[in-house]
Amino acid sequence: MNLRAGRLVKGMNKDAEKYTSSLDFDKYIFEADIACNIAHTTMLAEEGIINLEIAEKILDALKKLQKEGINALNMDHSVEDIHMALENYVTKIVGPEAGFMHTAKSRNDQVATDLRLVLREKILMIQEDILLFIEDLIKLASEHTDTIIVGYTHLQHAQPTTLAHHLMAYAYNLKRDYERLKDTYKRVNINPLGSAAMTTTSFPINRETTTNILGFDNYMENSMDGVSARDFIAETIFDLSMLVTNLSKICEELILWSTHEFRLIEISNEFSSTSSIMPQKKNPDVAEIARGKTSVLYGELITILSILKSLPFTYNRDLQEITPHLWNGVNYAHETLNIVHDMIISININEERGLELAKANFATATDLADNIVKEKGIPFRTAHKIVGRVVTDALIENIAYDDIDSKFIDKISFDLTGKKLELPDSLIQDSLNPLENIKMRNIPGGPSPKMVFMSLKNLKKFIINEKKYLNNIYS
Ligand code: ARG
């Protein structure tokens, strides 16, 4: 059935039909397209624009399709897209009067509406899953507020911290990813329906009715914008690109930490594979694939932006090409989120190794310098110089951090400044001891167990509030 013959007596050839069809990825908007047609037809009937009896027949057919599912549609490429396939279905049941459902509506506003309807659900699902991930990070961090690890800058030992402090850094990254999506949701959840092809219609439609039926916050104020805007898609894919970037960084650390050189964690077998030739191998494949898939998201973002950049207002068929990249990006990001979540809660942590690494390489030197400043009132730069020499000499003479004493430091201090520091040995040992060192960083945002507990508490509150927010949207 060709409902759109219009001025074209003879349509496209088969190859061109297949080439231009969106049916393959329109499966994502199947249910949304029914909802959109139900809302529009209901409104047309309510406003007296179409006959009530005909409207009821159309609505019955749409509800029948809802039950039967997408397989009830003829998805032959000659149909072009899901909107036509759906209209064909209704026409088969209702007859030519089905054509009334397309009064004051275009596929241009329809597809924009459908995409928004589906995307808002996906965003909420991803938001929910980010919260679950953060919740598990909170649980894991709560068990490791005293688990010492070394922190890195430039991937060189920098300062000791705790595993909890590190995990909370992941959690706060994810919190922002969540908030970005929450903000984007506001710009997704607006209704373009009623824009029709581009300038609305002369039929007296009621845009508030369809907005309410479809659960949008508002309708789009400008119909040309309504049919052409896809920034809500670019923005979502950016948010998801940032999310997977953060996940990929986590994966990078899991890969690094599970090497023989670090030996800080072991990733569970469920997320590892072996080599087909080297029987001893345990490879972190899931983390590597997640790192790889992150690049796919960037590709989708650039594809979407570059389709948009050269389009004149309003609808251009190029817009259709954005859709598969949207769904691919959404799916990749969502899968990556959940698998990285599962993987991280399955890791085994080697706490002894964490402490060993924290003690190994003078990662506590900053605090020795800080304490010299506090105790002796000398400038930090001078203390920095003295402690730098302490580390160099200790490395040359093979002296461990717990063997450094006042005598050792004074020799260097005298050499560099002409003065001895005469620090109490207990102060030197406390400064150089990783656990004491961490406890001293008792500043909001810092690693001391007290401060980590505080940020755990704040994050728990955030989770409770956001779960309420999501529940409200669903109810
Ligand atoms: N399949 C199209 C898309 O995804 C629907 C809108 C088609 N509109 C048109 N004027 N050909 O964008």
Side-chain angles (χ1 to χ4, degrees), residues 1-8 10-37 39-40 70 73-91 99 101-120 122 188 190-201 210 214 220 223-234 236-237 300 303-331:
M1 203 180 325
N2 187 357
L3 295 170
R4 290 182 309 118
R7 63 175 275 192
L8 303 179
K10 193 166 173 283
M12 275 186 183
N13 79 31
K14 283 271 162 233
D15 288 343
E17 273 174 1
K18 188 164 187 305
Y19 186 70
T20 55
S21 169
S22 57
L23 268 182
D24 294 341
F25 44 85
D26 278 348
K27 62 174 193 274
Y28 289 99
I29 56 170
F30 166 69
E31 275 142 20
D33 204 49
I34 300 177
C36 178
N37 274 295
H40 186 71
I70 197 164
L73 293 183
N74 171 14
M75 298 288 272
D76 187 279
H77 286 129
S78 63
V79 181
E80 191 179 307
D81 61 26
I82 198 96
H83 318 293
M84 298 317 303
L86 185 145
E87 208 178 322
N88 282 342
Y89 173 94
V90 178
T91 306
M101 72 191 253
H102 207 57
T103 315
K105 172 164 72 66
S106 155
R107 287 178 299 153
N108 297 354
D109 60 343
Q110 213 173 311
V111 71
T113 307
D114 295 353
L115 292 173
R116 287 170 184 273
L117 285 174
V118 181
L119 188 55
R120 71 179 185 188
K122 301 263 183 200
V188 174
I190 29 181
N191 184 15
L193 195 62
S195 303
M198 62 167 281
T199 55
T200 71
T201 172
T210 54
L214 294 172
M220 294 188 73
S223 61
M224 290 177 68
D225 183 37
V227 291
S228 60
R230 295 294 186 274
D231 51 329
F232 70 99
I233 293 182
T236 306
I237 295 298
E300 305 303 27
T303 303
I304 291 165
L305 290 173
S306 51
I307 290 173
L308 286 176
K309 80 172 181 2
S310 49
L311 294 185
F313 277 80
T314 56
Y315 182 84
N316 297 275
R317 195 66 187 280
D318 318 38
L319 290 175
Q320 177 178 300
E321 278 306 295
I322 288 180
T323 311
H325 298 283
L326 165 66
W327 302 132
N328 198 38
V330 166
N331 292 341

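For ligands, and for the atoms within them, numbers begin at 1 and follow the listed sequence. Nothing here was measured: the structure is a model prediction, and the numbers come from that model.
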Y28 versus N331, side-chain donor and acceptor atoms under 3.5 Å: yes

All pairs passing salt bridge (Lys or Arg N to Asp or Glu O under 4.0 Å) where residues 17-32 contributes a residue, at least two apart: K14-E17

Ligand 1 N/O within reach of D26 N/O, cut-off under 3.5 Å: no

Within-cut-off N or O pair, D81 and ligand 1, under 3.5 Å: yes

Close N or O approach (N108, ligand 1; < 3.5 Å): yes

Ligand 1 contact by V111, heavy-atom criterion under 4.0 angstrom: yes

D109 side-chain N/O to S106 backbone N/O, donor-acceptor pair under 3.5 Å: yes

Winner among E321, Q110, Q320 once heavy atoms are compared against atom 1 (N) of ligand 1: Q320

Can I get a per-line list of side-chain donor-acceptor pairs under 3.5 Å for residues 311-318, giving both atom names and the distance, sequence neighbours left out?
{"from": "N316", "atom 1": "ND2", "to": "P312", "atom 2": "O", "distance (Å)": "2.7"}
{"from": "N316", "atom 1": "ND2", "to": "T314", "atom 2": "O", "distance (Å)": "3.1"}
{"from": "R317", "atom 1": "NE", "to": "Q320", "atom 2": "OE1", "distance (Å)": "2.8"}
{"from": "R317", "atom 1": "NH2", "to": "T20", "atom 2": "O", "distance (Å)": "2.6"}
{"from": "R317", "atom 1": "NH2", "to": "E80", "atom 2": "OE2", "distance (Å)": "3.3"}
{"from": "R317", "atom 1": "NH2", "to": "Q320", "atom 2": "OE1", "distance (Å)": "3.0"}

Sub-4.5 Å side-chain heavy-atom contact between N191 and M220: no

S22 neighbourhood, listing ligand 1 atoms whose heavy-atom distance to it stays under 4.0 Å: 1 (N)

